[in-house]
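Read the structure below first, then the notes.
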Amino acid sequence: GGASNKGVRDIGLVKELRSLNLEGTKVDSDGVKDLAPLKKLFTLNLNGTKVNDVAAPVLATLPDLANLHLAGTDLSDDGVRALTALRKLE
């Protein structure tokens, strides 16, 4: 895929971003840390990425996140439990 952790760093600067599709990219949990400033993010697709439990606490800080796609990632049940803080998650 196209995007990598380096590219995600720049995306984190777009604070008004509402939707982000990183499916099948090289982004991993370190890259997800750079998404923390995206407090208005509503939809995030991480299907088929190297994201694991390290990303869960960062994802849990995105208050508007309602659509989160994690198929084919390395997120365990513990990681998923950490996402229960996301009140808008569908």
Side-chain angles (χ1 to χ4, degrees):
S4 64
N5 288 347
K6 186 178 182 311
V8 172
R9 218 168 291 134
D10 296 332
I11 293 169
L13 300 174
V14 187
K15 306 243 188 315
E16 300 298 312
L17 198 65
R18 302 274 298 138
S19 181
L20 182 58
N21 184 353
L22 294 170
E23 182 172 1
T25 63
K26 296 175 181 163
V27 172
D28 61 20
S29 293
D30 285 336
V32 169
K33 291 176 186 172
D34 291 316
L35 301 180
L38 302 179
K39 299 302 182 195
K40 295 186 178 181
L41 202 59
F42 182 79
T43 300
L44 178 59
N45 186 343
L46 294 169
N47 287 346
T49 62
K50 300 290 184 196
V51 170
N52 61 28
D53 291 355
V54 173
V58 177
L59 295 173
T61 66
L62 301 174
D64 286 348
L65 202 56
N67 300 305
L68 180 59
H69 306 275
L70 296 166
T73 64
D74 293 325
L75 209 66
S76 74
D77 289 346
D78 288 338
V80 172
R81 270 192 288 281
L83 300 176
T84 58
L86 294 170
R87 296 290 172 224
K88 296 184 180 180
L89 205 58
E90 295 175 0

Can you check whether [X] reaches [Y] side chain to side chain, under 4.5 Å on heavy atoms?
| X | Y | result |
| --- | --- | --- |
| F42 | L65 | no |
| L70 | L83 | yes |
| P63 | K39 | yes |
| I11 | L17 | yes |

Minimum heavy-atom distance [X]-[Y], with the two atoms named:
| X | Y | answer |
| --- | --- | --- |
| N45 | E23 | ND2-OE1, 3.1 Å |
| S19 | L41 | N-CD1, 3.8 Å |
| L75 | A56 | CD1-CB, 4.4 Å |
| A82 | A60 | O-CB, 3.5 Å |
| T84 | R81 | OG1-O, 2.9 Å |

message = Testing L22, L20, N21 one by one against L46 for a side chain to side chain contact (heavy atoms under 4.5 Å, CB included), which residue passes?
response =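 Only match with L46 under side chain to side chain contact (heavy atoms under 4.5 Å, CB included): L22.
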
ask   = Would you say N52's side chain and D74's backbone share a donor-acceptor pair under 3.5 angstrom?
value =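 Pair absent, no side-chain N/O of N52 close to backbone of D74.
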
request  = Report yes or no: does D28 contribute a side-chain atom to a donor-acceptor pair with the main-chain N or O of G31 at less than 3.5 Å?
outcome  =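 Such a contact is found between D28 side chain and G31 backbone.
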
Cationic N near anionic O, under 4.0 Å, K40 to D64 =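 D64 and K40: not salt-bridged.
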
ask   = Are V80 and V54 co-members of a hydrophobic cluster defined by side-chain heavy atoms under 4.5 Å apart?
value =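 Looking at the clustering, V80 is in a separate group from V54.
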
key: Verify same cluster id: L38, L86 (apolar side-chain graph, 4.5 Å)   =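 In one cluster with L38: L86, yes.
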
message = Within a 6.0 Å radius of atom CG on D77, are there more than 12 heavy atoms belonging to other residues, nucleotides or ligands?
response =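 No.
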
ask   = More than 12 heavy atoms of other residues, nucleotides or ligands under 6.0 Å from NZ of K6: is that the case?
value =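 Result for NZ/K6: open.
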
ask   = Of all residues at least two apart in sequence or in a different chain, which pass the salt bridge (Lys or Arg N to Asp or Glu O under 4.0 Å) check with K33?
value =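 Listed in chain order: D30.
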
request  = With sequence neighbours excluded, tell me which residues meet salt bridge (Lys or Arg N to Asp or Glu O under 4.0 Å) with E90.
outcome  =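 Applying salt bridge (Lys or Arg N to Asp or Glu O under 4.0 Å) to E90 gives none.
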
query = Going from CG on N67 to CZ on R18, what distance comes out if it is rounded to the nearest 0.5 angstrom?
reply =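 Here the interatomic distance stands at 10.0 Å.
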
